[in-house]
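Everything on this sheet refers to the single structure shown next.
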2 protein chains.
Amino acid sequence: MAEAILRPQRDAARTRAAILAAAQDAFSVRGYSDTGVRDITAAAGVNPALVSRYFGSKEKLFEAALSALLDAALITNLPRETFGEDVVAILTATQRGQRNPLPMMMLAGADSTARAITDRLLKGIFLEPMTRWYGPDRGAEKAACFTLLASGLTLYRELYPLDALNAGLSEETRRWLVAAFQSLVD
Amino acid sequence: MAEAILRPQRDAARTRAAILAAAQDAFSVRGYSDTGVRDITAAAGVNPALVSRYFGSKEKLFEAALSALLDAALITNLPRETFGEDVVAILTATQRGQRNPLPMMMLAGADSTARAITDRLLKGIFLEPMTRWYGPDRGAEKAACFTLLASGLTLYRELYPLDALNAGLSEETRRWLVAAFQSLVD
DNA sequence: AGTCCATGTAAACCATCGTTTACTTACTCG
DNA sequence: CGAGTAAGTAAACGATGGTTTACATGGACT
């Protein structure tokens, strides 16, 4: 059958990756507590029990899915002169529901266990690198403001989509965003 | 007993109000899907079945709790000259976990039904008044940017508390926030 | 070829949660 | 005082969901 060709016989690594990818998709769109293990495994075409086998639990799967995405989302070494432009370009380039770690973190806000995981990763990714840039005090402030802006923007692009921040993003609004980000590093 | 004095015998209105208040507290702190009906009614000191009786369902209770808080949170008629200062003062004055509608909306993001309710209320409260101020096009943009900022700030004061936005809010950071808000209405 | 372990599956388990039902209790009004 | 109704309660129902258990199967190595 075609299925046997698509996912050849038995391959633990491939199966694990399929579950992880399906989890990233689902968590990014529907959130942590709104997606069941059965949803993920159905999308991956595998058995629900394999989540326990390969990741231990749904929590651990979430942590693995989120941290894998965050590793590819670092933006701390952009040039200062065009920081605002670059960040806005990156954040407005992402399409809805495409394995985006930011909405994934926000969609996890309602579940206390997922929130704890997100909390830890958030501080490790955003806070720590910016602290290295600006020193402990001002770095924490810069990181907080940056995270505030980026999260807010993503929130209303992905979660409660406002047209004014998606298809209807005007040049005036875009410049306001750029200026807000740029004023952080000036 | 003292209990009988605190909540005298049988009073439908008082019981309903106690449930609503407990729901606002719980939803603001732990989110929609993470707080059970039994949690709310236990905090209110009543029977879980009364949620169905007085509000119909958990969803309806959430909607009632959220809209009651939003009614008291309108900030659309602040003077333009001090808009930034006023908004920042309001947003940084709220204490954590004190029946704040903004974190309540964000914590509802993970649940699809609560998100639908929040989505509707959000657009009614923020979008519609700002549209009246600035006209349909620029009003939508202003509202989106305002909501983005306010939500982001609240997010990292309430949900993933960053010290730099709470106790450690420096004058420099505060001025950055004021400028960001003020530049919206200039 | 035959054995053995990793891989995958089916089904049940168990806890949680929103909600409903049947029942009890207190207050009110005639 | 006594019936009737509103208020409140206890317990169970039905569904969902994460996880576990027992079992089947494919592939590698001797």
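Rounded to an integer number of Å, the gap from NZ of A:K58 to P of D:dG17 is 9 Å. Taking atom CG of B:D11 as the reference point, atom C1' of C:dT28 lies 15 Å away to the nearest angstrom. Separating the CZ atom of B:R16 from the P atom of D:dA6 is a distance of 17 Å, rounded to the nearest angstrom. In this structure, B:R14 atom CZ and C:dC27 atom C1' are separated by 16 Å, rounded to whole Å. If you measure from atom CD of A:E59 to atom P of D:dG18, you get 11 Å, rounded to the nearest angstrom. Counting to the nearest Å, the P atom of D:dT19 and the CD1 atom of A:I19 are 13 Å from each other.
Among the atoms of the strands shown, only primed sugar atoms or phosphate atoms (P, OP1, OP2) are found under 4.0 Å from some heavy atom of B:T35.
Partners of A:T92 under the side chain to side chain donor-acceptor pair (under 3.5 Å) rule, at least two apart in sequence or in another chain, do not exist in this structure. By the side chain to side chain contact (heavy atoms under 4.5 Å, CB included) test, B:E59 is found to be paired with B:Y32, B:S57, B:T113, B:I117, residues two or more places apart in sequence or in another chain being considered. Applying the side chain to side chain donor-acceptor pair (under 3.5 Å) rule to A:R132 yields the partners A:E128; only residues at least two apart in sequence or on another chain are considered. Residues forming a side chain to side chain contact (heavy atoms under 4.5 Å, CB included) with A:D163 (at least two apart in sequence, or on another chain): A:A167. Take A:Q24 and apply the side chain to side chain donor-acceptor pair (under 3.5 Å) test, not counting sequence neighbours, and it matches no residue. Remark: A:R53 engages A:L50 in a side chain to side chain contact (heavy atoms under 4.5 Å, CB included) (not counting sequence neighbours).
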Legend entry - Annotated protein contacts, base or backbone, on nucleotides 25-30 of chain D with a non-hydrogen cut-off under 4.0 Å, one of B, S, - each: BSS---
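Of all nucleotides listed (C:dG18, D:dG17, D:dG8), D:dG17 comes nearest to the side chain of A:R38.
Screening A:L102, A:N100, A:L153 for a side-chain contact (heavy atoms from CB on, under 4.5 Å) involving A:E158 leaves a single residue, A:N100.
Contacts of residues 48-57 of chain A with DNA chain D (heavy atom under 4.0 Å): A:A49, A:S52, A:S57.
For residues 101-123 of chain B, there are no ring-ring contact (aromatic ring centres under 6.0 Å, His included) pairs, not counting sequence neighbours.
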